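Accompanying notes for the structure given below.
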Amino acid sequence: MNFLLPLTGSFAQPAAENPTVAMIEAAFAHHGLDWRYLNVEVAPEALGDAVKGARAMGWRGFNCSIPHKVAVIEHLDGLGHSAEIIGAVNTIVRQGERLIGENTDGRGFVAALREVIDPKGKSVVLFGAGELRGR
């Protein structure tokens, strides 16, 4: 038996309300992966240390949520094309010893939009960006 399970997770603040752990662990189980996904509360001033910790512990990757999507970039080894386009990172993948930032938000938005209308060749006005804090 192997008791050293691959780790992934999410760095956010707040983290307790994030249901991603249930969805990701269900997906791991569905695909027969004995991996773990951890929600981790990371304050902005501790983000660099958290990334170093994930790197040191061999995490396979992790997600970043509010307020870390832009700040995490300085702690990574590079960006994928999706993160370069958007200028923010929500997914970090390990490629060998390198941590590479990606962004799945744009692809998800376009996929949802295509269920209503094909945006190809259209001009789009988008109202709202991000989340209002302190409400």
Side-chain angles (χ1 to χ4, degrees):
M1 246 183 144
N2 181 5
F3 294 102
L4 184 60
L5 303 177
L7 295 176
T8 63
S10 174
F11 296 166
Q13 190 178 47
E17 62 195 34
N18 185 348
T20 305
V21 66
M23 294 182 287
I24 297 295
E25 288 216 340
F28 288 165
H30 174 78
H31 292 285
L33 296 171
D34 199 10
W35 289 27
R36 294 296 172 261
Y37 187 94
L38 308 171
N39 275 341
V40 182
E41 181 108 6
V42 177
E45 62 274 11
L47 181 60
D49 290 336
V51 173
K52 286 178 188 173
R55 184 186 302 272
M57 291 184 285
W59 282 33
R60 301 293 176 95
F62 54 95
N63 301 112
C64 279
S65 192
I66 301 295
H68 305 310
K69 290 184 176 191
V70 174
V72 74
I73 293 172
E74 70 180 86
H75 304 290
L76 303 177
D77 300 309
L79 297 179
H81 187 64
S82 62
E84 287 176 350
I85 290 171
I86 294 177
V89 168
N90 70 351
T91 302
I92 293 85
V93 294
R94 182 180 285 273
Q95 294 178 355
E97 293 302 311
R98 301 182 71 215
L99 295 178
I100 305 299
E102 296 285 354
N103 194 303
T104 61
D105 291 336
R107 182 176 287 173
F109 174 76
V110 171
L113 184 60
R114 282 192 178 126
E115 291 182 13
V116 178
I117 188 169
D118 185 359
K120 188 174 183 176
K122 307 264 188 319
S123 295
V124 176
V125 176
L126 181 64
F127 291 101
E131 176 181 322
L132 291 175
R133 305 297 283 181
R135 290 184 268 165

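As the structure is a computational prediction, the values presented were derived from the model and not from experiment.
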(message) For I86 versus G106, what's the shortest heavy-atom pair and its separation?
(response) CD1-N, 3.7 Å
(request) Just grab all the salt bridge (Lys or Arg N to Asp or Glu O under 4.0 Å) pairs involving residues 80-109, residues at least two apart or on different chains. (result) K69-D105, R94-E97
(message) Using every non-hydrogen atom in the two residues, find where S10 and Y37 come nearest and quote the distance to one decimal.
(response) CB-OH, 3.2 Å
(message) Restricting to side chain to side chain contact (heavy atoms under 4.5 Å, CB included), what partner residues turn up for T104, sequence neighbours left out?
(response) N90, T91
(request) With sequence neighbours excluded, tell me which residues meet side chain to side chain contact (heavy atoms under 4.5 Å, CB included) with L47. (result) F11, V42, V51, H68, A71, V72, H75
(message) Once rounded to the nearest 0.5 Å, what's the spacing between atom CZ of R60 and atom CG of L5?
(response) 10.0 Å
(message) Main chain of A88, side chain of N103: is a donor-acceptor contact present, judged purely on distance under 3.5 Å?
(response) yes
(request) First locate atom OG1 of T8, then atom CH2 of W35, and finally report the distance between them rounded to the nearest 0.5 Å. (result) 7.0 Å
(request) Quick one: closest heavy-atom pair of A15 and N39, and the distance? (result) O-ND2, 3.7 Å
(message) Checking V93 against F62 for the side-chain contact (heavy atoms from CB on, under 4.5 Å) test, could you report, in this order, the C-alpha distance in whole Å, the side-chain angles of both residues, the deciding distance, and whether it holds?
(response) CA-CA 7 Å; V93 294; F62 54 95; over 6 Å; no
(request) To the nearest 0.5 Å, tell me how far L33 CG sits from I24 CD1. (result) 11.0 Å
(message) Return the CD1 to CD1 distance between I92 and I73, rounded to the nearest 0.5 Å.
(response) 9.5 Å
(request) With sequence neighbours left out, write down each residue that passes side chain to side chain contact (heavy atoms under 4.5 Å, CB included) with L7, or none if nothing qualifies. (result) R36, L38, W59
(request) Quick one: which residue pairs count as a salt bridge (Lys or Arg N to Asp or Glu O under 4.0 Å) with a foot in residues 42-59, not counting sequence neighbours? (result) R55-D77
(request) Rounded to the nearest 0.5 Å, what's the gap from OG on S82 to CD1 on I100? Could you check? (result) 11.0 Å
(message) Working to the nearest 0.5 angstrom, can you tell me the gap between S65 OG and E17 CD?
(response) 8.5 Å
Distance-only criterion, 3.5 Å: show the donor-acceptor pairs between side-chain atoms of residues 110-124 and protein atoms not counting sequence neighbours.
{"residue": "D118", "atom": "OD1", "partner": "K120", "partner atom": "N", "Å": "3.1"}
{"residue": "K122", "atom": "NZ", "partner": "D118", "partner atom": "O", "Å": "3.3"}

